[in-house]
Amino acid sequence: MVVINPFIQTQINNMLFMLTNFENSCEYAALQDDKQISASEQATLKKIKKAVAHFRKDLESVS
């Protein structure tokens with residue numbers, strides 16, 4: 001078992017929180033212009049969610 005530096009763990013936790021905030025902010029931004037999420041915005045959000053999920057998985061595997 002690898003013991004991780006608690007300061008690094010804190011930074012990982014901060015980044016995981018920021019990822020959630022980023023996803024939510026992107027969804028909110030997609031609604032800003034016309035209060036609806038268009039097909040192209042939905043496609044972009046899907047790509048963002050996939051990238052965030054991948055990054056989240058990588059970060060969680062470190063901690």
Side-chain angles (χ1 to χ4, degrees):
M1 182 172 137
V2 176
V3 177
I4 191 164
N5 177 314
F7 297 102
I8 293 174
Q9 183 63 54
T10 299
Q11 292 306 313
I12 291 170
N13 292 343
N14 286 339
M15 184 56 69
L16 292 171
F17 174 75
M18 290 175 66
L19 286 172
T20 299
N21 190 35
F22 174 70
E23 274 188 299
N24 292 337
S25 296
C26 287
E27 288 183 29
Y28 182 72
L31 293 168
Q32 284 300 298
D33 57 347
D34 59 1
K35 307 293 185 241
Q36 295 179 359
I37 297 178
S38 68
S40 64
E41 290 168 333
Q42 189 63 40
T44 301
L45 289 172
K46 184 177 179 181
K47 289 178 184 178
I48 289 169
K49 287 179 183 242
K50 184 176 179 181
V52 165
H54 181 69
F55 187 42
R56 180 182 305 280
K57 182 180 175 185
D58 286 347
L59 283 176
E60 289 172 344
S61 73
V62 173
S63 57

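Scope of the values below: all heavy atoms of this structure, side chains included, with no hydrogens, waters or symmetry mates.
Remark: S63 OG to D58 CG distance equals 11.0 Å, nearest 0.5 Å. Rounding to the nearest 0.5 angstrom, the gap separating the CG atom in N14 from the CD atom in Q9 is 10.0 Å. We find the CD-CE distance between Q11 and M18 to be 9.5 Å, quoted to the nearest 0.5 Å. For the atom pair CG of L59 and CG of N13, the computed distance is 9.5 Å after rounding to the nearest 0.5 Å.
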Exercise for the section: Kindly determine whether V62 and I8 satisfy side chain to side chain contact (heavy atoms under 4.5 Å, CB included), including the steps that lead there. Expected result: CA-CA 10 Å; V62 173; I8 293 174; 5.5 Å; no
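No side-chain heavy atom of L31 sits under 4.5 Å from any side-chain heavy atom of E41. Here the side chains of L16 and I12 are in contact, with some heavy-atom distance below 4.5 Å.
For the pair I37 and A30, the tightest heavy-atom approach, listed with the atom from each and the gap, is CG1-CB, 4.1 Å.
For the side chain to side chain donor-acceptor pair (under 3.5 Å) test with K49, the passing option among E27, H54, E23 is E27; the others fail.
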